[in-house]
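Note that ligands are numbered from 1 as they come in the structure, with each ligand's atoms numbered from 1 the same way. Owing to the predicted nature of the structure, the values given are computational and were not obtained by experimental measurement.
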Amino acid sequence: MSDRKVSISDPQTGKQIDCDVFEATHGSPAIDISKIHAGTGCYTYDPGYGMTASCRSKITFIDGAKGELLHRGYSIEDLTENSSYLEVCYLLLNGELPSDQGLTEFEGIIRNHTMVHENIRSFFDGFRYDAHPMAMLSTTVAALASFYHDSTDVNNPEHRKITAHRLIAKMPTLAAMCYKFHRGQPFMYPQNNLGYVENFLHMMFGVPAEEYVPSPTAVKALETMLILHADHEQNASTSTVRLAGSSGANPFASISAGIASLWGPAHGGANEAVMNMLDAIVESGESIESTIARAKDKNDPFRLMGFGHRVYKNFDPRARCIEKICHDLLNELGGDQPLFELARELEQKTLADDYFQERKLYPNVDFYSGIIMRALGIPMNMFTVMFAMARTVGWIAHWSEMHEDPEFRIGRPRQLYVGAARRPYPSK
Ligand code: SDX
């Protein structure tokens with residue numbers, strides 16, 4: 001119930017209904033539309049749910065107009081400046097920053113779950129040599145459900161907790177296995193004496209034949225990238241995890257559904273699409289002006305990858321952070337400086353263009369991220385795997401929050417039916 005209400009009336013039928021308005025800590029309040037059909041006989045209509053609050057959540061807040069991103073009230077700028085990825089994982093899962101002892105204990109828990117069952121290795125034998133890593137990741141994450149029947153009771157808080165820890169811990173191991181399979185190199189086992197990011201880089205780029213020591217600059221850049229991709233409110237893949245999980249599906253299957261949704265080029269696949277776009281400009285010699293013109297042409301399905309956002313109508317704060325890392329990393333490690341300069345020129349010319357200004361289209365998280373990952377030696381077909389690895393904590397935090405929500409029920413949208421009217425089967 002709420003003191004604040006809005007009235008909806010239908011002059012055609014004379015029906016009227018008062019709807020509660022729920023207040024928010026930040027951002028827009030929400031109108032409770034659950035009684036509109038009973039009161040007016042009408043559904044609400046919102047393709048893509050762009051203006052529909054699907055749940056109450058305490059995890060992340062985005063102000064698209066201001067370009068603001070908060071996790072449990074802390075700004076993304078403060079978190080990238082002061083936190084580690086595992087500290088942000090703890091925050092997203094538990095709602096508060098950990099004490100020093102709490103963080104040490106959490107790091108120890110995650111470290112003890114980094115290995116996967118040895119039989120997971122045989123799943124990779126079934127893939128073609130050139131299988132896309134996202135196909136391998138979504139498959140092997142779903143397969144984890146077959147190893148943990150002892151802890152997939154979604155109504156058991158302890159099962160939800162151990163599953164969250166297992167997923168955060170095992171995603172880097174599975175991601176690195178996808179990469180190693182693709183490279184034809186032996187899988188590297190996790191090393192429990194290494195930090196989370198160092199361990200991942202060791203499993204990715206280490207080989208049995210020699211010692212591998214990652215550069216501190218690369219570790220810091222990747223740590224920041226993981227923080228920037230950790231969660232983002234009710235985006236397409238997180239909403240997929242919630243909807244899949246709302247039927248009671250086990251968490252591994254629900255996260256695998258989220259990986260599938262993230263793979264799309266309009267969502268997490270955009271980081272790979274941005275690099276393909278920039279490479280194509282370089283290889284074709286097409287001018288930036290011509291590329292921008294194609295993106296504006298309604299008859300051309302081409303869109304400027306890495307630009308625009310359903311929520312941000314200002315700079316994506318993550319894109320600003322990533323651009324700074326790009327600059328520092330390329331100066332330190334070298335890498336594709338010309339491509340970075342091309343991206344910055346493309347950004348400057350696009351932002352000066354009326355079409356993009358009118359539609360409030362700015363660079364998003366995916367615009368510069370590929371340049372960093374290429375500088376780190378991560379191949380393009382692994383870019384979305386990196387996004388999935390980072391976003392797993394957000395997905396499982398929302399999945400857990402959904403199961404703790406007293407208003408939780410199975411998701412079941414309705415529709416506006418515009419198909420054929422009822423008709424008899426034609427007599428033979
Ligand atoms: C992510 O939701 C999240 O939070 C996602 C994410 C996360 O962390 O989870 O932030 C990660 O997915 C970032 C977005 C990555 N995707 C891309 O970079 C792909 C390119 N961007 C577009 O596909 C698009 O901007 C979307 C999908 C991101 C947003 O689409 P919307 O909100 O549905 O925008 P729209 O289709 O309503 O576009 C509004 C107008 C249209 O023109 P008009 O019909 O009004 O004339 O803007 C145009 C669009 O044609 N437009 C673009 C454009 N994006 C929108 N025109 C050219 N290039 C673009 N990139």
Do [X] and [Y] have a side chain donor and acceptor closer than 3.5 Å?
X	Y	value
Tyr179	Gln185	no
Ser57	Glu401	yes
Thr60	Asp231	yes
His398	Arg242	yes
Asp353	Thr350	no
Thr114	Asn199	no
Glu286	Ser290	yes

Of Phe147, Tyr148, Trp395, which is the lone residue that meets ring pair (Phe, Tyr, Trp, His ring centres under 6.0 Å) with Phe252?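 Answer after filtering Phe147, Tyr148, Trp395: Tyr148.
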Out of Phe315, Phe302, Phe367, which residue meets the ring pair (Phe, Tyr, Trp, His ring centres under 6.0 Å) rule with Phe307?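 Considering Phe315, Phe302, Phe367, a ring pair (Phe, Tyr, Trp, His ring centres under 6.0 Å) with Phe307 is found only for Phe367.
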How close does the nearest protein non-hydrogen atom get to [atom], and which residue and atom is it?
atom	answer
atom 30 (O) of ligand 1	Arg303 NH1, 4.1 Å
atom 13 (C) of ligand 1	Asp366 OD2, 3.4 Å
atom 58 (N) of ligand 1	Leu304 N, 3.0 Å

Of the listed options ([options]), which comes nearest to [atom] when hydrogens are ignored and any heavy atom counts?
atom	options	result
atom 50 (O) of ligand 1	Arg391, Lys298, His267	Lys298
atom 8 (O) of ligand 1	Gln234, His229, Arg318	Arg318
atom 5 (C) of ligand 1	Arg310, His309, Met277	His309
atom 19 (C) of ligand 1	Lys313, His232, Met305	Met305
atom 56 (N) of ligand 1	Phe307, Phe356, Phe302, Tyr355	Tyr355
atom 28 (C) of ligand 1	Pro363, Gly394, Gly308	Gly308

Taking heavy atoms and a distance under 4.0 Å, where does [X] meet ligand 1: side chain, backbone, both or neither?
X	result
Arg359	side chain
Ile62	neither
Phe367	neither
Asn364	side chain

Quiz question for you: does at least one protein heavy atom lie closer than 4.0 Å to [atom]?
atom	result
atom 39 (C) of ligand 1	no
atom 34 (O) of ligand 1	no
atom 26 (C) of ligand 1	no

Closer than 4.0 Å to some heavy atom of [X] - which atoms of ligand 1 meet that?
X	result
Asn235	2 (O), 3 (C), 4 (O), 5 (C), 9 (O)
Ala295	56 (N), 57 (C)
Ala270	15 (C), 16 (N), 17 (C), 18 (O)
Gly306	17 (C), 18 (O)

Backbone of [Y] reached by a side-chain donor or acceptor of [X] within 3.5 Å:
X	Y	value
Gln357	Leu351	yes
Ser246	Gly411	yes
Ser99	Gly102	yes

Glu233 to ligand 1, any heavy atom closer than 4.0 Å: no
Does Leu361 come within less than 4.0 angstrom of ligand 1, counting non-hydrogen atoms of the residue? yes
Identify whether NZ of Lys or CZ of Arg in Arg414 sits under 6.0 Å from the centre of the six-membered ring of Tyr43 and within 45° of that ring's axis.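 Geometry flag: not set, cation outside 6.0 Å or 45°.
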Below 3.5 angstrom, do we get any N/O pair linking Ala266 and ligand 1?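 Right, the criterion is met.
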Using a 4.5 Å cut-off on heavy atoms from C-beta on, say whether the side chain of Tyr196 contacts that of Glu107. no
